[in-house]
Amino acid sequence: MTSIRVSVDLGDRSYPVIVGHGVRTQLPDLIPKTARRAVVVTQRNIDFQVDVGIPTVTVFIGDGEQFKTLSVVEEVSRNFAEAQLTRHDVVIGVGGGMITDVAGFAASTWHRGTPVVHVPTSLVGMIDAAIGGKTGVNLPQGKNLVGAFWQPVGVLCDLDALSTLPKRELRGGLGELAKYQLLVGEDLSALPQTEQVARCVEIKAKIVSADERDQGSRAVLNYGHTLAHAIEIATEFAVSHGEAVAIGMIFAAHLAAVLGRIDDQRVRAHYELIGKNYGLEVTLPRGSSPDELLKLMYMDKKFVGGLTFVLDGPNGVETVSDVSPTHVTEAFRRMEVPFKP
Ligand SMILES: NC(=O)c1ccc[n+]([C@@H]2O[C@H](COP(=O)([O-])OP(=O)(O)OC[C@H]3O[C@@H](n4cnc5c(N)ncnc54)[C@H](O)[C@@H]3O)[C@@H](O)[C@H]2O)c1
Ligand SMILES: [Zn+2]
């Protein structure tokens with residue numbers, strides 16, 4: 001069995017991410033030596049069993065973003081109490097990003113912080129959500145508003161899990177994969193899957209090590225995300241996150257070109273990668289209005305006195321503040337013109 005081990009370097013909180021087929025068998029090696037009990041947090045529709053090697057209780061939570069709430073965290077915590085879990089024990093999140101966000105957040109507050117191991121089972125989970133220690137839940141007022149930075153003690157990306165992942169979820173993950181490609185300017189599409197996932201993990205790990213608490217450089221991970229969040233809200237999540245990120249990056253490319261930061265060839269590269277290579281949507285969802293999307297983007301978390309985007313440019317991808325709405329409108333207009341490869 002060939003697996004790849006990537007390290008997220010954070011001093012004494014550094015941890016390994018192991019990527020490969022069948023790596024779930026390595027779970028007992030990743031849990032803290034002090035652990036006498038484990039609680040696995042997962043969903044019923046995820047058929048991916050893990051053997052922790054110590055007495056384990058499994059807690060199932062609902063499927064869907066509407067279950068990423070504080071009340072579900074309370075429910076999970078009550079299960080921790082019933083299992084008599086202590087902070088010397090371990091929580092295991094087995095699922096997509098929704099699970100690792102909830103399990104991670106519950107672990108971060110259980111006895112003021114209990115170790116968590118993530119076993120992501122979706123592509124988004126493997127290349128993004130399970131890595132980097134952002135955990136949290138939603139409020140009716142917005143996504144991920146309550147949360148904590150809580151790094152896992154280890155992550156197992158077992159590619160066997162992807163065999164049952166619905167096609168559409170896989171495609172959404174390709175949106176985030178394309179993001180990494182555009183961030184570092186490498187072609188990852190031809191790599192074998194283990195290397196592809198491991199490379200994404202490595203890219204994210206490096207960004208997280210340099211700016212764990214999102215004070216600056218980590219913002220590049222939000223490439224394409226300003227418009228993506230607006231699209232998710234405008235379509236009431238009918239367009240998935242990864243699909244929205246794909247459209248968001250096409251928009252970001254046009255906006256960067258409008259601002260003279262990149263040339264047409266670079267815009268073309270975005271279309272080729274996102275539309276042609278990965279078969280993702282490159283136009284605004286039918287029925288969505290640029291005016292409404294603009295309004296929603298003004299409400300973005302990154303908003304500090306002006307429209308803020310993460311944009312490509314001569315120095316690579318970086319945060320650009322105070323973008324004028326006129327330029328945004330022009331970028332939307334350019335998106336409407338069918339792109340001829
Ligand atoms: N913390 C972070 O840094 C971070 C980063 C990106 C995304 N996220 C969060 O992650 C969530 C999105 O993650 P996601 O796309 O994995 O969504 P998800 O966790 O909701 O999973 C999508 C669907 O796939 C199912 N599923 C997952 N793995 C499966 C498998 N192996 N077989 C069959 N079905 C499977 C799930 O049950 C669910 O129905 C969002 O809540 C987002 O906010 C967090
Ligand atoms: Zn994302």
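Bear in mind the structure is a predicted one, so any value in this text is a computation, not a measurement. Just follow the structure's listing: the first ligand is 1, and inside any ligand the first atom is 1.
For the pair S240 and ligand 1, no heavy-atom separation below 4.0 Å is found. The closest approach between any non-hydrogen atom of M126 and ligand 1 is not below 4.0 Å.
Scanning the protein heavy atoms around atom 9 (C) of ligand 1, the nearest turns out to be D101 OD2, 3.4 Å. In terms of protein heavy-atom proximity, atom 26 (N) of ligand 1 is nearest to L165 CD1, 3.8 Å. For atom 7 (C) of ligand 1, the closest heavy atom belonging to the protein is A129 CB, 3.8 Å.
Nearest-residue assignment for atom 38 (C) of ligand 1 (options D63, N45, T164; heavy-atom criterion): D63.
Ionic pairing of R13 and E212 is present here: one or more N-O contacts between side-chain nitrogen and carboxylate oxygen are shorter than 4.0 angstrom.
Counting the atoms of ligand 1 from 1 in the order shown, those under 4.0 Å from a heavy atom of K134 are 1 (N), 2 (C), 3 (O). Of all atoms in ligand 1, numbered sequentially from 1 with element shown, those under 4.0 Å from a heavy atom of G96 are 16 (O), 19 (O).
Closest heavy-atom contact between R266 and L182: NH2-O, 3.3 Å.
Distances between N or O atoms of G97 and those of ligand 1 include at least one value under 3.5 Å.
Ring centroids of H225 and F309 are separated by 6.0 Å or more, keeping the two rings apart.
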